[in-house]
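Here's the structure we're looking at; comments come further down.
Please read these numbers as outputs of a predicted model, since none were measured by experiment.
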Amino acid sequence: MPITKPEHRKTQKKYDFDKELNPTNMTLKIIILYLILGILWILLSDWIVNLMLGEAGNTQIVQSVKGVFYIFATAGVFYFVIRRSIQIYAMALSDLKYAFSELDLSHQISLELDEKLYKLAYYDALTGLPNKVLLENTINQYITDHPRDGLIGFVYFDIDEFSNINEVKGHSIGDDLIKQILSTLHLEIKEPNMLARMGGDEFVLAIFGIEKLDQFMPLVESLVKLIRKTYVLEEDEFFVTFSVGVALYPDHGKDYITLLRHADAAQSIAKAKGRDQIVIFDDEMVTMIRQQTELLNQLRRAIENKEFSLHYQPIINLHDDQPSGVEALIRWQHPIKGFIPPLEFISLSEKNGYIKEISQWVFKEIAAQYEAWTIQGKAFRISINISPVMLMSEIFIPYVNEWISTYHLDSSTITLEITETAIIEDIQKSIHVLKQLKKLGFHIALDDFGTGYSSLTYLQKLPIDIIKIDRSFISTIKPNTEEFYVLRYMIELAHHLNLQVVAEGIETIEQAQMIKKYEVDFAQGYFFCRPMPQMRVIEYFKEISPK
Ligand code: C2E
Ligand code: CA
Ligand code: CA
């Protein structure tokens, strides 16, 4: 019920109740008034009677009238004085009631607020499940209360390809999927075990009081099996898998933070191994993580320390056996560890976004060396490797646009090499980005072609100019095997789609002859030339050019 202010409080002045309602004050006031009125009445009435009637008056009657009049007059005065006091009392009482009800209400509100704050602090708003703060408190409390009571299983789940679902179907459908998965899982979890959402598409299951690992792992496997299935989202079906990392208390960590870090590490290894699997933490992972963190810190300083350089590998046109361009390949010369191959640091820098700075360094360096690629009047093409992270980032198109205009580059001499993995993650977005790059005048090459995905089906949809057949494909191929026919078919299909074909990793004369026979357009590999600094490649070009 809403509490309203008493009427009189809205209009009347405030009383000083202490002063006005003090009983001693009030009684004294009435007595003094009574005395003053009595004395005044005796003195004044006798005087007035004398004045009006003189000595001759009938004093008996006059005294009686005077007495009655006095009684009425004092009764009137007391009536007003007492009435006013009672009124003040009544007001005070209603104010008091109001104050009490206000107090009651604010107590109720503060209780409700307390509960809301508690929920906000300890529970996830989307799923209503405990959040990481509550999980941390619960685990730490459990460790304090039961230091020797068996193991705690800490299971870290991450939904595979969740960002894809979010992008294709929108965030609210993504949220829906999370709710579906977690409510299915939650039904299987009994106290004191806890399922907590860590944020995004990651959640943790804590199982308390396990006796043996081989008793716990079948449970984890059955839970993963339960949620690893097809979910229907707005009529579309999505098969959802999970990368899961497991760490155990006390073997893999004696507190919450360490358990979390180690389960998360095991989870990222499950992802790196190709997703859809459960990985149990082991100590080697710590060394690996430490080394990676160290390498990453050094990588962050590599640009300012001028430790990067570019090498270029010639690309040979097989129609005239002459070089037609180069592929730029980054090199990191570490002051202590020496040369570190790009495959070791590119993927690391992709994970934390540092790749964007590295890419920008590559673009600047290429611009600085661009002029020198016009040799004896002939302009060579330059191929640049673009990381999927950079390709999909919002800054990429504006960046390359500014890059060509700032350095006055001819974009038609530049090929951007992108990988299948970048495209397969989000085909629609990739097509959109690639179209914009083609509008800016760049050529697009699909790198590492033939590694894994059934790429032939979407080849026709992509706005590309070149496919680069991966080295692994070339190096293992033997005549008249199944792969050999696939290769021939790939080359034919590419030509049919008006795409040029580059074969990578040509190391032997046999390989060179074979690809030439099957009409591959360009070749790259140690057989022709290794990647080298620009000056040496230019010398090589001059050496082999027809005199
Ligand atoms: P990729 O784009 O497939 O580059 C070709 C790789 O094959 C290069 O390795 C090259 O040195 C190597 N290679 C060329 N010919 C032969 C051969 O005949 N035999 C063998 N065994 N290898 C050959 P590298 O320079 O170590 O680069 C590895 C990968 O790192 C590249 O693969 C590319 O994906 C990435 N990468 C290199 N530079 C950059 C860069 O500037 N940006 C980005 N995002 N990635 C880069
Ligand atoms: Ca490449
Ligand atoms: Ca390649």
Side-chain angles (χ1 to χ4, degrees), residues 111 113-159 178-179 181-224 227 242-271 278-290 292-293:
L111 279 183
L113 211 68
D114 264 5
E115 202 179 306
K116 273 191 193 141
L117 285 176
Y118 179 82
K119 279 224 152 127
L120 224 58
Y122 293 115
Y123 289 87
D124 170 55
L126 177 73
T127 58
L129 287 175
N131 65 10
K132 50 182 160 189
V133 183
L134 187 52
L135 179 74
E136 176 170 2
N137 290 354
T138 312
I139 288 187
N140 284 339
Q141 193 61 48
Y142 189 91
I143 293 174
T144 316
D145 293 349
H146 318 79
R148 269 174 266 284
D149 278 7
L151 311 166
I152 302 174
F154 195 100
V155 192
Y156 203 114
F157 291 78
D158 183 291
I159 307 175
I178 290 177
K179 278 201 259 181
I181 294 171
L182 289 182
S183 61
T184 311
L185 201 55
H186 193 223
L187 288 177
E188 303 298 312
I189 311 302
K190 300 199 174 47
E191 288 205 354
N193 302 335
M194 180 178 269
L195 177 65
R197 180 165 176 228
M198 307 302 277
D201 62 333
E202 295 176 2
F203 47 96
V204 164
L205 175 61
I207 310 260
F208 298 97
I210 308 157
E211 276 165 21
K212 278 195 230 113
L213 185 63
D214 45 355
Q215 158 203 6
F216 160 67
M217 282 317 285
L219 172 68
V220 176
E221 277 155 24
S222 73
L223 290 173
V224 174
I227 51 174
F242 300 84
S243 296
V244 182
V246 176
L248 289 165
Y249 166 83
D251 297 11
H252 303 146
K254 293 201 169 30
D255 56 56
Y256 168 80
I257 295 291
T258 319
L259 283 170
L260 171 71
R261 213 178 45 235
H262 290 170
D264 186 27
Q267 181 267 122
S268 24
I269 284 166
K271 273 233 138 88
I278 305 169
V279 170
I280 303 173
F281 178 81
D282 74 55
D283 291 333
E284 272 172 32
M285 289 177 192
V286 178
T287 324
M288 212 173 85
I289 292 163
R290 199 181 313 118
Q292 288 217 336
T293 320

Atom pair NZ/CG of K271 and D158 - distance to nearest 0.5 Å: 3.0 Å
Residues, nucleotides or ligands: over 12 heavy atoms within 6.0 Å of K132 NZ: no
Main-chain N/O of L134 paired with N131 side-chain donor or acceptor, under 3.5 Å: yes
Validation row: Y249, L151 side chains within 4.5 angstrom (heavy atoms): no
Spacing of CE belonging to M198 relative to CG belonging to L129, to within rounding of 0.5 Å: 12.5 Å
Interatomic spacing from CG in L195 to CG in L223 - rounded to 0.5 Å: 9.5 Å
CZ-NZ distance between R197 and K179, expressed to the nearest 0.5 angstrom: 10.0 Å
pair I139-I143: side-chain heavy atoms closer than 4.5 Å: yes
Matching residue for F154 among I207, T258, L205, L260 - test: side chain to side chain contact (heavy atoms under 4.5 Å, CB included): L260
Aromatic plane relationship, F157 with F242 - under 30° parallel, 30 to 60° tilted, over 60° perpendicular: perpendicular
CG-CG distance between D251 and D282, expressed to the nearest 0.5 angstrom: 12.0 Å
Note, T127 side chain near F203 side chain (heavy atom, < 4.5 Å): no
Reported CD1-to-CD1 distance for the pair I159 and I178, which is rounded to 0.5 angstrom: 5.0 Å
Test item: L248 and F281 side chains (from C-beta on) under 4.5 Å apart, heavy atoms: no
Short side-chain to backbone donor-acceptor contact, H262 and H252, under 3.5 Å: yes
Candidates I269, V244, V246 - the one meeting side chain to side chain contact (heavy atoms under 4.5 Å, CB included) with V279: I269
